[in-house]
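Written out below as structure tokens is the structure these notes cover.
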Amino acid sequence: MPEAPEVQTVLSTLETQIQNLKILKVDVFYEKILANPSIKELLVGQSFLQFHRIGKYLIFTTELYDFIVHLRMEGKFYLLNEIPKEKKHIHVIFSLSDGRFLCYHDTRKFGRMELYPKQEDKYNCPALKKVGWDVLDERYTPMYLYSKIHTSKRSLKAVLLDQSIQAGIGNIYADEICFASRLDPRTRAYRLSKKDCQILVKESKRILAGAMKYGGTTIRSYTSSLGVTGLFQLKLHVHTKEGCPCDVCSNPVIKTFVNNRGTYICTHCQKRK
DNA sequence: AAGTTCCCCTGTTAGC
DNA sequence: TGCTAACAGGGGAACT
């Protein structure tokens with residue numbers, strides 16, 4: 001389940017591997033991955049020139065376009081020397097000018113690919129129109145967060161997962177950010193002070209940046225196999241730790257549901273306001 | 001308008 | 001043992 005750090009790892013690896021390579025051919029085996037079937041033809045002859053990430057969106061800029069890919073739950077890229085025999089979950093294959101193949105693999109078929117005319121400011125791309133600042137963007141500040149949520153009745157967790165407020169946080173990191181901020185994810189957003197927003201923004205940036213650094217170091221040993229996947233190896237304190245003793249206070253971590261999402265909390269460390 | 005629920009998918013696991 | 005049902009989850013559509 002790639003969140004911003006895993007997406008960044010995929011992007012960085014691809015940047016070193018496929019920059020300036022031209023797309024000779026695109027084969028699509030599951031059309032619904034593409035927002036528009038014409039993408040297949042439009043990309044032929046284009047080259048992967050620049051690589052950007054906003055939240056969980058990958059942005060590959062070519063001569064004419066911004067090619068936007070969202071991996072959703074299980075999307076992965078593999079860079080292979082030949083087309084694999086087992087293509088069950090491979091839905092798109094890009095034939096590249098160096099003879100290799102960039103294969104898009106996605107068991108649940110949730111991923112999406114979109115194509116738009118190239119924009120200077122990627123936030124202007126139609127695919128990202130409703131996406132808020134990336135968590136690591138300097139414009140994502142405590143006051144920005146406070147202004148977005150201080151009248152909202154929604155839970156803190158819902159707000160952290162809302163990509164139109166800030167982009168890049170998924171279910172795992174949302175729980176970890178709440179734990180690090182010592183806030184109960186069920187807290188109503190309007191109850192959060194400016195000081196709470198300061199802590200939340202700081203911890204969000206710290207945790208995502210830390211995970212990216214880790215992913216970036218771990219991926220190197222995998223580049224030889226050219227399997228380009230995001231690695232999630234950050235040390236988790238609460239997420240998936242139901243019943244485990246809290247790393248801080250040793251009380252058991254509980255699992256509950258917030259906004260229909262499995263949510264892990266140390267109710268001793270995390271205060272509900 | 002804001003907030004919630006449903007749905008898209010399929011592999012894995014829990015339950016009978 | 002073998003089957004079905006529930007579950008996981010990002011985000012957009014549909015609904016309240």
Side-chain angles (χ1 to χ4, degrees), chain A residues 1-11 28-37 53-59 68-77 86-92 104-116 123 125-135 145-178 185-192 204 208 211 229-232 234 236 238-243 253-265:
Chain A
M1 54 210 80
E3 302 186 29
E6 293 73 34
V7 173
Q8 182 62 45
T9 301
V10 171
L11 188 75
V28 180
F29 310 105
Y30 182 73
E31 293 279 346
K32 288 175 74 175
I33 295 284
L34 305 183
N36 182 324
R53 179 191 60 78
I54 293 178
K56 304 169 200 172
Y57 293 85
L58 292 159
I59 306 166
I68 314 282
V69 178
H70 197 301
L71 304 172
R72 295 288 183 94
M73 305 305 302
E74 303 195 345
K76 294 175 180 65
F77 279 111
E86 177 56 62
K87 289 204 285 287
K88 186 177 180 190
H89 297 303
I90 291 176
H91 309 305
V92 185
Y104 179 73
H105 180 286
D106 189 349
T107 33
R108 289 190 196 169
K109 301 178 174 174
F110 273 17
R112 289 293 175 268
M113 299 181 179
E114 302 179 56
L115 193 70
Y116 296 99
Y123 282 97
C125 180
L128 305 173
K129 262 295 179 218
K130 284 179 277 187
V131 174
W133 300 126
D134 185 89
V135 169
L145 177 62
Y146 183 78
S147 71
K148 281 282 192 181
I149 68 172
H150 80 284
T151 59
S152 171
K153 293 178 182 171
R154 301 165 76 196
S155 65
L156 168 57
K157 173 117 177 191
V159 158
L160 289 174
L161 290 174
D162 186 340
Q163 305 297 302
S164 72
I165 296 174
Q166 75 280 290
I169 301 171
N171 201 36
I172 297 170
Y173 291 118
D175 284 358
E176 295 299 317
I177 289 164
C178 288
R186 296 168 291 193
T187 302
R188 302 280 180 162
Y190 67 82
R191 292 188 176 276
L192 297 168
S204 298
L208 291 197
T229 61
L231 294 175
F232 184 77
L234 187 81
L236 298 177
V238 284
H239 196 82
T240 71
K241 299 290 186 180
E242 183 179 19
V253 171
I254 64 149
K255 180 184 183 186
T256 182
F257 283 87
V258 182
N259 282 59
N260 286 325
R261 288 286 149 83
T263 299
Y264 299 82
I265 311 169

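Owing to the predicted nature of the structure, the values given are computational and were not obtained by experimental measurement. A, B, ... follow the sequence lines: proteins, then strands. Residue 1 opens every chain. As a basis for the values below, the full set of heavy atoms in this structure was taken, side chains included, without hydrogen atoms, waters or symmetry mates.
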* Asked: Could you walk me through whether A/D175 and A/Y173 pass the side-chain hydrogen bond (donor to acceptor under 3.5 Å, both in side chains) check?
  -> CA-CA 5 Å; A/D175 284 358; A/Y173 291 118; over 6 Å; no
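Out of C/dG11, B/dG11, C/dA8, the shortest distance to the side chain of A/K88 is found at B/dG11. Picking from B/dT10, B/dG3, C/dG10 the nucleotide with the shortest atom distance to the side chain of A/R108 gives B/dT10. When distances are taken from the side chain of A/F257 to each of C/dA8, B/dG3, C/dG10, the shortest belongs to C/dA8. Taking only side-chain atoms of A/N259, from C-beta outward, the nucleotide of B/dG11, C/dG11, B/dT4 with the closest atom is B/dT4. Taking only side-chain atoms of A/Y57, from C-beta outward, the nucleotide of B/dG3, B/dT10, C/dG12 with the closest atom is C/dG12.
Distances shown here put a side-chain N or O of A/S152 below 4.0 Å from the OP1 or OP2 atom of B/dG3. The side chain of A/K130 places no N or O atom within less than 4.0 Å of a non-bridging phosphate oxygen (OP1 or OP2) of C/dG12. In this structure, A/H89 does not reach the B/dT10 phosphate: none of its side-chain N or O atoms is under 4.0 Å from OP1 or OP2.
Residue A/N260 is classed as a sugar-phosphate contact, given heavy-atom separations below 4.0 Å to backbone atoms only. Base engagement by A/R261 is indicated by at least one non-hydrogen atom pair under 4.0 Å involving a base atom. Backbone-only contact: A/K255 has heavy atoms under 4.0 Å from sugar-phosphate atoms and none from a base.
Between the CE atom of A/M113 and the P atom of C/dG11 there is a distance of 16 Å, given to the nearest Å. Going from atom NZ of A/K76 over to atom P of B/dT10 covers 15 Å, rounded to whole Å. B/dG3 atom C1' lies 12 Å from atom CD1 of A/I165, rounded to whole Å. Atom C1' of nucleotide C/dG10 and atom CD1 of A/I172 are separated by 12 Å, given to the nearest angstrom. One can place OH of A/Y190 at 14 Å from C1' of B/dG3, the figure rounded to the nearest angstrom. One interatomic measurement links the two molecules: CZ of A/R112 to P of C/dG10, which rounds to 15 Å at whole-angstrom precision. Between A/H105 atom NE2 and B/dG11 atom C1' the separation is 12 Å, expressed in whole Å. Rounded to a whole Å, the CD1 atom of A/I169 is 11 Å from the P atom of C/dG11.
Taking the six-membered ring where tryptophan is involved, the planes of A/H89 and A/H91 are perpendicular, since the angle between them exceeds 60° and thus also 30°. Ring geometry for A/W133 against A/Y123 counts as perpendicular: the plane angle is over 60°, on a 0 to 90° scale with 30° as the lower cut.
Looking at heavy atoms from C-beta onward, A/V92 lies out of side-chain contact with A/F29 at the 4.5 angstrom threshold.
Of the residues near DNA chain B, A/K153 and A/Y30, the one whose nearest nucleotide (by heavy atom distance) lies more toward the 5' end is A/K153.
Remark: A/K241 fails to qualify as a cation-pi partner of A/Y264 under the 6.0 Å distance and 45° angle criteria applied to the six-membered ring.
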